[in-house]
Structure formats: C-alpha cells, structure tokens
Number of protein chains: 2
Amino acid sequence: MAASRIGPNMTQIAKAVGVSSATVSNALSGKGRVSADLVEKIRATAAELGYVPSNAGRALRTGRSNVLGLVLPDISNPLFPQIAQAMEVAASNAGYGVLIADSRGDVTTQTQAIARLIERGVDGLVVIPRRGTRIGSVSCPVAMVDTPSTPGNTVSADHWEGGAEITRHLQDLGHRNFLFVGHDQASNVQNDRIGGMKAALGSDTRHQTIWIETLLNAQPDRTSLGLMDHVKSGVTAIAAVSDLHALRVLTELQTAGIKVPQQVSVTGFDDLVFAPVVTPSLTTVHMNMTQIAQIAIAALITEIETPRTIDPNIEHKNGAAVSHTVKADTSKVSMELMVRASSGPAVSPATPSPNGEIL
Amino acid sequence: MAASRIGPNMTQIAKAVGVSSATVSNALSGKGRVSADLVEKIRATAAELGYVPSNAGRALRTGRSNVLGLVLPDISNPLFPQIAQAMEVAASNAGYGVLIADSRGDVTTQTQAIARLIERGVDGLVVIPRRGTRIGSVSCPVAMVDTPSTPGNTVSADHWEGGAEITRHLQDLGHRNFLFVGHDQASNVQNDRIGGMKAALGSDTRHQTIWIETLLNAQPDRTSLGLMDHVKSGVTAIAAVSDLHALRVLTELQTAGIKVPQQVSVTGFDDLVFAPVVTPSLTTVHMNMTQIAQIAIAALITEIETPRTIDPNIEHKNGAAVSHTVKADTSKVSMELMVRASSGPAVSPATPSPNGEIL
DNA sequence: CGCACTTGGTTAATCGTTTAATCACGTCAT
DNA sequence: ATGACGTGATTAAACGATTAACCAAGTGCG
C-alpha cells in the first residue's frame with residue numbers, strides 16, 4: 001500500500017476539518033447523517049489533501065475486497081484480449097478490480113490458481129470454462145460464461161443462433177453443400193455452433209463435419225486438412241467454428257489454387273483481430289463481449305452485495321460454502337453476422353468455373 | 001474477504017494451541033523466536049483448522065498488498081494472452097497477484113486505469129507501453145517492458161537482433177530484394193525490428209519500406225497494400241513487423257495468384273497462435289515471454305522488497321514520489337527464429353516462374 | 001410545559017495481522 | 001552470590017475504515 005503510506009487518512013481529514021473520523025467516513029460514503037454543508041467541506045478538504053481511501057483498511061473492516069477473479073483456463077484463446085478488456089471495464093465501472101488467474105490449460109494448476117484467488121480474498125469469480133474445467137467448492141459466488149447449453153452457465157453469446165445465421169446466410173447465397181470444420185468434439189461451445197448451423201439447414205442441403213483434433217490424433221504430422229477432396233466432391237461452403245480454423249481453411253484452399261469466394265465460400269466465428277484484414281476479408285460472427293461482461297459482472301455483484309442471512313441454496317461442507325454459480329436475467333446475448341468478402345454466391349458444383357474467370 | 005469470514009484467524013489458532021496470537025504469527029512467518037516443537041504444533045493446528053491468512057489484515061499492517069498491476073495500453077495486441085500468462089505465472093511464483101488494467105488505447109483512460117491500480121494499493125506496476133503512453137507520477141516502482149531503445153525500458157526481447165536474424169535467414173536463401181512492411185512509424189518496437197532488418201543487409205541488396213498506417217491515412221478505404229507492384233518490380237522477400245501483417249501480406253499475395261514461398265518469401269514476427277497453422281506455415285521470430293516476465297517481475301519485486309530509508313533516486317513533488325522505473329541485470333532477451341514454410345530459396349527476378357510450375 | 005422524536009454528530013469497538021517492547025526464567029561468568 | 005545475558009514467550013499498540021450505540025440539542029405537539 002505504497003499510496004496509503006504517503007497520503008492522508010480519515011483521521012487527518014477529520015483533524016483538518018475539526019470533526020470526528022466517523023463523520024468523515026459518513027460524509028464520504030453518504031451513509032450516516034451529516035449536514036449538507038459539512039459534507040461539502042469534508043469533500044473539499046479530502047480532495048485538497050489528495051485523500052485516497054485505503055483498500056486494506058476497508059477490506060479488513062467490511063470483509064469485502066472489491067476485487068473479482070477472472071479465471072481463464074485456456075490462455076491461448078485468441079479471444080482473451082476481448083474478454084479481459086470487457087471484464088475489466090465492466091468491473092471497474094462497478095468499482096471492482098480484476099485479478100487474473102490462468103493455468104496453462106492444466107486442471108490441477110487451475111485449481112491452485114482458483115485457490116490463490118480465494119486466498120487473496122476475491123469477492124467473486126468469473127470463470128470462462130474449457131474442456132475439463134470443474135469448479136470445486138469455493139466460498140464465493142461464481143459467474144460462468146460459456147454457452148447456454150453448459151450446465152450452470154450464467155450468460156454467454158448465443159452460439160447456436162450464431163451458427164444458424166451463418167448457414168442461413170450461405171443458403172441465401174445459393175449454397176447447398178456444406179462442410180463444417182470443428183476442432184474439439186468435446187467443446188460445448190463448438191457443439192452449439194455446429195448444432196445451430198445444422199439446425200438452420202434446409203432439407204435440400206448436404207453437409208459433412210470434420211474435427212481437426214480427431215484428424216491430428218490419427219495423423220499427428222499432417223499439415224493439410226484434406227479440403228481438396230471435399231471441394232472435388234462438390235462442397236461449395238466451408239464453415240469453421242472459429243476464425244482461427246477458417247484462416248487455416250482459407251490459406252489451404254488458396255495455396256491449392258482455389259479461389260475464395262468465387263469457387264468456395266469460407267466463414268469463421270469470433271471476429272478475431274485478423275478477420276477484417278486478410279484477403280479476402282473473413283465473413284464471421286461477432287460476439288458482443290462488452291454486453292456479456294456487463295451482464296456477468298452485474299449478476300455477480302448483485303449476488304455479492306445482497307445481504308445474506310441464511311442462504312438455503314448454499315450447502316455447507318466442512319463449514320465452508322460450496323460453489324454456487326449465479327444466474328442472470330438475460331443468459332443469451334445474440335451474435336452479429338459480419339458479412340465480408342470470403343462468402344459469395346455459390347457456383348454450380350457441376351460446372352466448376354475456370355481458374356480466375358471471375359476475379 | 002469471503003474466505004476470511006468463514007475460516008479461523010490467528011487468535012483462534014492461538015487459543016487452540018494455548019499460546020498468544022503473536023507466537024502464532026511468529027511461528028508461521030518464521031521471524032520471531034519460537035521453539036521448534038511449538039512451531040511444529042502451531043503449523044499442524046493451522047493446517048488442521050484450514051487456516052488461510054487474511055490479506056486485508058496483513059496489508060493493513062504491513063502496508064503492502066502483494067499485488068502487482070499489469071498495464072496493457074493496447075488491448076487488441078494479439079500478444080496479450082502470452083504476456084498476461086507469463087506475468088501471472090512469474091508473479092504468483094513470487095507470491096504476488098496480478099491486477100489488470102487496460103484502456104482502449106486511449107491515453108486519458110490509461111491514466112485513470114493506472115490511478116485505479118494505485119488506489120487499490122498495488123505494490124508495483126508492469127507497463128507494456130504503446131504509442132503515446134506516458135507514465136506520470138506514480139508512487140510505486142514501475143517495470144517497463146518494451147524494447148531496448150525505449151528510454152526507461154526495464155527488459156524486453158531484442159527486437160533489433162530478431163530483425164537481423166530474419167534478413168540474414170532470407171539472404172542465406174538467396175534473397176537480395178526486400179520489402180519491409182511496418183504498421184506504425186511511431187512505434188519504437190517496429191522501428192527496432194526494421195532497423196535490425198536493415199542493419200543485417202549486405203551491400204548487394206535492395207530494400208524498400210512501406211507503412212500500413214500511412215497508406216491507410218492516404219486512402220482510408222483501400223483494402224490492398226499494392227504488393228503486386230513491388231513483386232513485379234523484383235521484390236522476392238517481404239518481411240513484416242508482425243505476424244498479423246505477414247498474414248495480410250500472405251493472403252493478398254495468394255489471392256493474386258503469387259505462390260509463397262516459391263515466388264515470394266514472407267516472414268512475420270511474434271509467432272502468434274495462427275503462425276504454425278496457416279498454409280504455408282509462417283516463418284517468424286518467437287519471443288521468450290516467460291523469461292522476460294521473470295526478469296521484469298524479479299526486478300520489480302527486488303525494488304519493492306528492498307527496505308528504503310531515503311531513496312535519492314526518487315524526487316518528491318507535492319509530497320508524492322514521482323515515477324521511478326526499475327532496471328534489471330539483463331535487459332535484452334534474445335529472440336528465436338522459427339523457420340517454417342513461408343520462406344524459401346529466392347528465384348531470379350529476371351525469370352519469373354510460370355504459375356504453379358513448382359508446386 | 002414536558003414528552004417524544006428527529007437531526008447531526010461523537011465514542012469506541014472491531015476487522016486480523018504484525019512487531020516493538022517487555023517479561024520470566026534459566027545459565028554463565030565473575 | 002549476583003549481575004549480565006540469551007531464550008522463548010507475552011502484551012499491547014498500531015494499521016485505516018466502518019458502524020453500532022450513544023448523546024446533545026432542537027422541534028413539534030398535546
């Protein structure tokens with residue numbers, strides 16, 4: 001608390017104004033009964049002296065740290081910047097700080113990281129789960145941000161509907177033969193996205209799905225996804241569950257001489273930073289992280305700041321409360337389709353266009 | 001401090017063992033004089049009762065929060081996940097937590113974010129500066145992680161040498177006509193990288209440099225970087241200051257029908273998550289963030305934990321100490337060249353190869 | 001006029017940890 | 001034997017903010 005060692009405390013303000021420190025506290029917090037002009041005078045001298053409240057003192061007395069923990073299991077997630085920023089903004093607007101914890105995807109490290117956050121006295125946890133994440137018994141409220149189909153999910157983008165929008169868009173362009181590209185078959189998010197894609201398909205369409213991880217497990221040293229085979233068999237639209245995989249698809253097709261979108265349309269998900277600047281710019285689905293963060297943080301803080309006498313929802317084990325995830329009014333935030341240059345009208349698979357005819 | 005409300009405190013341990021709370025404190029911290037067997041007994045009962053120390057109580061008494069602030073001005077930085085993870089690991093190994101602050105690239109928001117961190121009582125700050133970042137007067141030590149040529153830099157990768165490695169690699173492959181692609185001419189990091197690239201060039205080479213931001217300012221709605229003109233004029237190697245821009249270059253060339261690396265080699269910087277999975281996989285330069293983070297955090301913590309009576313390096317202004325950046329023993333961490341598929345032997349520019357001849 | 005009530009403020013205890021000051025008690029040297 | 005000293009533990013005072021309990025004085029009303 002370097003700042004506090006230097007700056008003045010309430011007692012000094014009290015002395016300067018000529019009142020008790022309790023009155024200063026009441027005036028600044030607006031809680032007790034203090035006359036208006038005295039409040040004014042206290043505020044003024046506090047500002048003049050450059051008073052900054054000591055978080056430690058307040059935390060000790062109130063039992064709350066005004067800090068939330070952000071748990072990111074999969075650090076390599078390219079969405080992390082967006083998530084972290086949105087959470088930090090939402091939290092700091094509500095007067096909370098954000099302590100980060102991540103653990104190279106490892107589950108035990110993960111548990112330790114959460115324990116560290118708890119020991120640091122966070123008032124709540126925002127958890128972005130990935131495969132295998134299990135939140136054990138923690139003694140503070142938890143907001144889970146994943147996908148609506150995840151049990152205990154607090155809020156998230158509507159991945160299912162986002163997937164549906166993608167295939168509707170592609171069908172409107174005339175596409176009838178789809179290839180869906182996923183990475184990890186165990187991921188709830190990816191399953192929701194592909195589920196939505198499939199659900200919006202008309203009856204006159206064909207589709208296949210490939211999972212990159214499965215392919216890699218079978219042949220660990222492969223670099224190609226074997227997309228050409230699918231293109232030759234008539235696929236005209238390839239929809240990936242992430243921009244990262246869409247990029248992989250795009251570059252593989254381009255290297256093989258396939259024109260995008262003239263011969264094959266490619267779409268992604270997440271609107272990552274590179275999506276608008278690659279050639280052709282990537283049609284994708286954007287998630288409103290700001291809104292998701294606001295909802296998650298709001299739900300969490302409501303739970304934190306609601307005075308609890310005895311909460312029947314919390315089971316006690318060894319005297320400590322076990323994990324309880326909070327729920328929000330809105331749990332689905334709609335995603336926004338970003339139509340760019342990588343998706344275009346379907347060509348008839350029967351009459352493949354000569355190379356570069358259109359461009 | 002949800003955890004502390006539930007769990008036992010030192011007084012309860014003291015009561016259980018039959019000693020004073022001061023003895024418990026001494027036993028657990030190993031500081032005072034306590035007999036060995038008593039230490040053992042206290043440790044045991046503390047563990048048995050599930051004691052976890054209250055950070056608030058400790059912070060209040062010691063004046064230190066054991067929390068560091070991580071300041072990321074440019075949140076869209078795709079390197080952020082790596083940075084955040086490395087910092088968190090290094091900090092938590094040293095017993096510190098990491099509080100994040102970012103500010104949509106805005107300088108005033110940035111200042112507020114730093115102020116919030118200070119008010120939360122962080123013991124130190126790690127700052128990753130970007131254009132325009134100025135650290136005003138802060139009352140705690142600051143570690144600056146940018147590039148060696150930045151004044152006040154604490155530690156960073158050796159961007160200059162990384163750039164040199166790139167051009168040496170390309171020259172070894174026979175390239176003699178280079179195009180360097182930067183984004184922001186005001187960036188120290190980018191200037192160092194391009195500076196290193198140029199410095200390693202032999203006298204028999206030609207090179208030009210383009211800046212994306214400058215191009216965009218001139219024609220805000222342009223999508224192409226006009227690379228074809230350069231290729232036609234004989235450029236065989238295009239080196240970008242970031243994988244993001246290398247990706248832009250790569251896809252633009254591919255769309256135009258240029259084969260990479262058969263006709264033109266492309267290199268990036270940073271080894272971002274997509275670098276290994278695009279086709280062709282991207283030759284780039286990897287920075288050892290883990291090591292950088294360790295050095296930065298170590299320097300910061302040394303400064304924090306060194307007892308200071310009067311520090312002559314700190315000037316005082318209005319009673320508050322002004323910013324003082326710490327310095328580390330090692331300030332340059334070497335970068336590692338990652339040779340992948342996007343760079344290959346140069347073809348003679350005089351005899352352009354027919355499309356697709358090689359592949 | 002006196003009682004209840006409101007307003008505006010103070011006192012003092014409290015959160016949990018650390019640490020300087022102190023103390024009790026053997027031991028050792030003189 | 002006694003003063004000096006080392007050892008092992010205790011006491012009590014902080015750190016800074018919050019808040020329940022209390023009090024003084026003014027106001028309204030029967």
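Quantities reported herein were computed from a predicted structural model and do not represent experimental measurements. Note on naming: letters A, B, ... go to the chains in the order of the sequence lines (proteins, then strands), and numbering restarts at 1 for each one.
Summarising the geometry, the separation between CZ on A/Arg64 and P on D/dT18 is reported as 11 Å, rounded to the nearest angstrom. Counting to the nearest Å, the P atom of C/dC15 and the CE atom of A/Met10 are 19 Å from each other. One interatomic measurement links the two molecules: CG of B/Asn66 to P of C/dT18, which rounds to 10 Å at whole-angstrom precision. As a whole-Å value, the separation of B/Leu28 CG from C/dT18 P is 8 Å. Here C/dT7 presents its C1' atom at 20 Å from NZ of A/Lys31, a figure rounded to the nearest Å.
Although no hydrogens or angles enter the test, the distance criterion places a donor-acceptor pair under 3.5 Å between the side chain of B/Asp123 and the main chain of B/Asn66.
For the pair A/Ile114 and A/Val71, the minimum side-chain heavy-atom distance is below 4.5 Å. Between B/Tyr96 and B/Ile297 the shortest side-chain heavy-atom distance does not fall below 4.5 Å. Between B/Asp146 and B/Ser156, every side-chain heavy-atom pair lies at or beyond the 4.5 Å cut-off. Between B/Leu125 and B/Ile118 the shortest side-chain heavy-atom distance falls below 4.5 Å. For the pair A/Met287/A/Leu79, a side-chain contact is recorded, criterion being any heavy-atom separation below 4.5 Å from C-beta on. Looking only at side-chain heavy atoms (C-beta outward), A/Val145 and A/Met87 come within less than 4.5 Å of each other. In this structure the side chain of A/Asn153 never reaches within 4.5 angstrom of the side chain of A/Thr147, judged on heavy atoms.
The side chain of A/Ser54 has D/dG16 as its nearest neighbour among C/dT17, D/dG16, D/dT18.
A heavy atom closer than 4.0 Å to some atom of DNA chain C occurs in A/Val34, A/Ser35, A/Leu38, these being the qualifying members of residues 34-51 of chain A.
At its two ends the helix from C/dC1-D/dG30 to C/dT30-D/dA1 runs along axes set 60° apart, each axis drawn from five pairs and the angle rounded to 10°.
Between B/Ser20 and the phosphate of D/dT11, there is no side-chain N or O to OP1/OP2 separation shorter than 4.0 Å. Look at B/Ser25 and you'll find a side-chain N or O under 4.0 angstrom from OP1 or OP2 of C/dT18. Put simply, A/Arg58 has no side-chain N or O that comes within less than 4.0 Å of OP1 or OP2 on D/dG16.
Minimum interatomic distance between A/Val67 and B/Arg120 (heavy atoms only, all atoms of both residues): CG2-NH1, 4.2 Å.
Residue A/Val24 is out of contact with every strand shown, counting any heavy-atom pair closer than 4.0 Å.
Taking CD from A/Gln82 and CD1 from A/Ile292, the interatomic distance works out to 9.5 Å, rounded to the nearest 0.5 Å.
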Quick tally for nucleotides 20-26 of chain C: nucleotides whose base has a protein heavy atom under 4.0 Å get B, sugar-phosphate-only ones S, the rest -, giving -------
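The base of C/dT18 lies close enough to the side chain of B/Arg61 for a donor and an acceptor atom to sit less than 3.5 Å apart.
Each of B/Asp37, B/Asn26, B/Val17 was evaluated against B/Ile42; a single residue qualifies, B/Val17, per the side chain to side chain contact (heavy atoms under 4.5 Å, CB included) test.
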